[in-house]
Amino acid sequence: MTPNETVVPMLPCVLPEETLAFWRALGFSVTYEQHKPYLYLSLHWSGFDLHYKRAPKGADPAAEDTGGCLVLVDSVAAYHAAFTAAMRAEYGKVLAKGLPRITRYRPGASRFTVMDPSGNSVIFIQRDQVEEVEYGGSASLSGLAKVLDNARILLEFKTDPQATYRALNSGLRRHGGTAPAVERATALALLIELAETVDQLDRVPEWGAALSALPLTDAERDQVRSTVADPAVLTPWLGSD
């Protein structure tokens, strides 16, 4: 056998029309579409394909566990940039909550996830990401630094913004009084970035005021900006870089 196999996922589809419209908006072409006597959809973009079949009866997209696949790429940042640009062009914003949506991408991260309308997760992963990832907060860290490391795992690998919010909010209460200013600033910056996704926009002024009051050097301000996917969200309190 020649080792040149190609594996194409067959994702369960609950909402065919919405699924086609979403991927078309991201630039995918529909290469095959059949609704009767059975559902089969095929889409293509760049060098890979996504295929869909009818989901099992009772499948609930809101549970976000319908199915999924991994897409291994050389430069994950370029894919995120392409999809977010397409979203802005089609929807006027990046879809960050509900279904469909795309997860954040922080410069230097190794993955992001696109959730389709049917609750499938399509995860784009950098091929050369580190092989050993320590989940749950590094054992060598303590206090707010450990909370921040755990938040990074929850957000970038487990793609769980609600759990990330809870960890950061609790961590600031427990360790904010003794943590270095740059760590407090990082936690506040992440909370501000997450605010819309976790329905906490009313707390942004509180977090922003606390962030702007912290004594940070220019280098520390740059460090804090680098922890969020879009540094512009921090401009009202940190200024522009």
Donor-acceptor pair, distance only, cut-off 3.5 Å: does the side chain of [X] make one with the backbone of [Y]?
X	Y	result
R54	Y38	no
N120	G67	yes
T66	S118	yes
E64	G119	no
T159	L155	no
R127	L72	yes

In Å, rounded to the nearest 0.5 Å, how long is the span from [atom1] of [X] to [atom2] of [Y]?
X	Y	atom1	atom2	answer
S121	R101	OG	CZ	9.5 Å
F124	S110	CZ	OG	14.0 Å
D222	T227	CG	OG1	11.5 Å
Q126	D74	CD	CG	7.5 Å
T197	K97	OG1	NZ	7.0 Å
Y40	H35	OH	NE2	14.0 Å

Kindly give the heavy-atom pair with the smallest separation between [X] and [Y], and that separation in Å.
X	Y	result
L39	P16	CD2-CG, 3.8 Å
L50	P9	CD2-CG, 4.2 Å
W45	A82	CZ2-CB, 4.2 Å
E183	A179	OE1-CB, 3.8 Å
L99	P61	CD1-O, 3.2 Å
A55	V14	CB-CG2, 3.7 Å

Here's a test for you: under side-chain contact (heavy atoms from CB on, under 4.5 Å), which of T6, L43, V8 qualifies with D49?
V8
Are any of the side-chain heavy atoms of [X] and [Y] separated by less than 4.5 Å?
X	Y	value
L191	R203	no
I102	T113	no
K93	R88	no
T186	L190	yes
V182	Q223	yes
L234	L211	yes
F112	Y79	yes
L70	V122	no

Before giving the answer on side-chain contact (heavy atoms from CB on, under 4.5 Å), spell out for L194 and Q200 the whole-Å C-alpha distance, their side-chain angles and the decisive distance to 0.1 Å.
CA-CA 8 Å; L194 283 169; Q200 294 292 331; over 6 Å; no
The side-chain hydrogen bond (donor to acceptor under 3.5 Å, both in side chains) partners of S42 (sequence neighbours excluded) come to T31, H51
Go through it in stages, so that I can follow the logic: the residues are E33 and V30, the test is side-chain contact (heavy atoms from CB on, under 4.5 Å), and I'd like the CA-CA distance, side-chain angles, deciding distance and then a yes or no.
CA-CA 7 Å; E33 179 180 354; V30 177; 4.0 Å; yes
[X] with [Y], same ILVMFWY side-chain cluster at under 4.5 Å:
X	Y	result
L20	Y52	yes
V73	W23	yes
L15	L41	no
Y165	L188	yes
F48	F22	yes

Working note: W207 + W237, criterion side-chain contact (heavy atoms from CB on, under 4.5 Å); need CA distance, chi angles, decisive distance, verdict.
CA-CA 9 Å; W207 294 328; W237 305 283; over 6 Å; no
Salt-bridge contact [X]-[Y] (side-chain N to carboxylate O under 4.0 Å):
X	Y	value
D230	R104	no
R225	E220	no
D149	K146	no
E90	R24	no

Apply side-chain contact (heavy atoms from CB on, under 4.5 Å) to the pair L168 and L148, showing each step before the final yes or no.
CA-CA 7 Å; L168 291 169; L148 291 170; 3.8 Å; yes
Determine, step by step, whether R106 and E193 satisfy the salt bridge (charged side-chain N to carboxylate O under 4.0 Å, His left out) criterion, reporting the C-alpha distance in whole Å, the side-chain angles of both residues, the deciding distance to 0.1 Å, and the verdict.
CA-CA 11 Å; R106 178 183 57 80; E193 182 184 38; over 6 Å; no
Side chains of S170 and R174 only: does a donor on one sit below 3.5 Å from an acceptor on the other?
yes
Should we say atom CG of D218 is surrounded by more than 12 heavy atoms from elsewhere, each under 6.0 Å from it?
no
Are more than 12 heavy atoms from other residues, nucleotides or ligands located less than 6.0 Å from atom NZ of K53?
no
By ring pair (Phe, Tyr, Trp, His ring centres under 6.0 Å), which residues pair with Y105, not counting sequence neighbours?
H80
